[in-house]
Every structure is written in structure tokens, then in C-alpha cells.
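To start, the structure itself, in C-alpha cells.
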Amino acid sequence: MKVTMPDLSLRRRFDSTWKYGLVGGLVSIPLTIVSSTWTGSTLDQPPTGILVGAMLAGYLAANASRRAVNAGVLAGLVGGVPASGWAVGGLVGLPEGPIVVWSNPLSEVAFLLLVTAALIAFSMAIGAVGGFLGGWLSEKVRSGRTQGIGS
């Protein structure tokens, strides 16, 4: 009996979904910062930057609609973690001091973890929508090119 080792090469693990998801997420970080700065509030998490980054990821990874959505979700995760950290930091009062006087550490930590999880889930949902839209746009562009060549 021959035992084969799974292919653990870097290329195999770093497929297009991960690669483009990370690219889209890294693009969404400065866009989210600019959007948050534009609104003038550290507690806002504008989904525009995450949506654009996820659309880019979905567009680039659009071999199939599932891959585009997966890349968008990853872009939402990568872009949403810093945005969530920024929003939770604003709740804690890192830049200017606390907004709320904290009195019960256990419930406050649970609340902050819940807020962080909700913001990251929101970012991933926006990323899924952006990935789907990016994949759809990629298919439309590809089908337009194919029709234009044959005519």
C-alpha cells in the first residue's frame, strides 16, 4: 500500500481565492479609513470600503461564483478586523478617553466581544455581497468580450 502525502506546497495553499481575498481586504482597509475619516466619527464603520475591496476580490477570483463569494468574505474579514478594532477602540475610549464609565468588567468585556463579533460578521456579509457583485461583473465583462470577438 502506497501512502501519498497531501500537496502542502505554498502554491496549493495560496490559491486564487485566498490571494484575491487578501488583496481585496488590504485594499479595503485604507478605503474604510478614508470613509471613517470623511464622516468624522470613529464609531461609524462605513461598508463602502469593504464593499469595494470585496468587489475587487470577487472580480479577480471569478472562476466560479462560489470562489468570488469566498474571496469577498475573506476580503470582508481582512478589511473588517481593523475597522472593528477602530470602532471598539472608540467605545473603550483609546484616542480621547472613555466615553462610558465602565463599572462591571465581566459584562463590559462580554459586550465588547459581542460588538466586535457583530462588526466582523457585518463586514463578512458585506464582503459576500461585494464578492458576488464582483463575480457577476467579471462574468458580464468576459461574456461581452467573447461576444465582441465572434461578431
Side-chain angles (χ1 to χ4, degrees), residues 2-96 99 108-151:
K2 184 178 178 181
V3 177
T4 60
M5 295 296 292
D7 183 18
L8 297 177
S9 69
L10 184 60
R11 184 174 184 207
R12 172 85 171 126
R13 289 185 287 157
F14 201 64
D15 68 343
S16 64
T17 302
W18 283 93
K19 180 172 52 176
Y20 297 132
L22 290 174
V23 167
L26 292 175
V27 165
S28 72
I29 292 171
L31 293 174
T32 302
I33 291 171
V34 167
S35 300
S36 294
T37 307
W38 186 272
T39 61
S41 174
T42 59
L43 296 179
D44 287 342
Q45 184 183 11
T48 311
I50 294 170
L51 183 67
V52 171
M55 284 178 68
L56 175 66
Y59 182 84
L60 294 174
N63 296 340
S65 61
R66 183 173 176 207
R67 280 195 162 174
V69 171
N70 288 345
V73 168
L74 182 60
L77 177 66
V78 171
V81 168
S84 300
W86 183 339
V88 170
L91 280 175
V92 173
L94 290 180
E96 299 97 20
I99 295 173
E108 291 149 8
V109 168
F111 171 73
L112 290 175
L113 289 174
L114 181 67
V115 167
T116 303
L119 289 173
I120 290 173
F122 174 72
S123 299
M124 291 172 69
I126 293 296
V129 171
F132 177 78
L133 292 174
W136 174 80
L137 183 63
S138 175
E139 293 298 321
K140 288 292 184 185
V141 168
R142 284 188 209 167
S143 68
R145 286 185 194 161
T146 313
Q147 290 174 355
I149 292 173
S151 42

Polar side-chain atom of Ser28 near backbone of Gly25 as donor-acceptor pair, under 3.5 Å = yes
note = Minimal heavy-atom distance between Gly79 and Ile29, with the atoms involved, is CA-CG1, 4.0 Å
inquiry  = Would you say that Val115 contacts Leu119 through its side chain, given a criterion of any heavy-atom pair below 4.5 Å between the two side chains?
reply    = yes
message = For Leu74 versus Leu22, what's the shortest heavy-atom pair and its separation?
response = CD2-N, 4.0 Å
ask   = What residues form a side-chain hydrogen bond (donor to acceptor under 3.5 Å, both in side chains) with Thr116, not counting sequence neighbours?
value = none
request  = Specify the closest pair of heavy atoms between Ala57 and Gly24, including all atoms of both residues, with the distance to one decimal.
outcome  = CB-CA, 4.1 Å
message = For the CG atom of Leu56 and the CG atom of Leu51, what is their distance to the nearest 0.5 Å?
response = 11.5 Å
key: Minimal non-hydrogen separation, Gly49 against Leu31, with atom names   = CA-CB, 3.5 Å
query = Shortest non-hydrogen contact from Ile50 to Ser123?
reply = CD1-OG, 3.5 Å
task = Heavy atoms only: give me the nearest Ala75-Ala54 pair and the separation to one decimal.
result = CB-CA, 3.8 Å
ask   = Is there a side-chain contact between Tyr59 and Met55, using heavy atoms and a 4.5 Å cut-off?
value = no
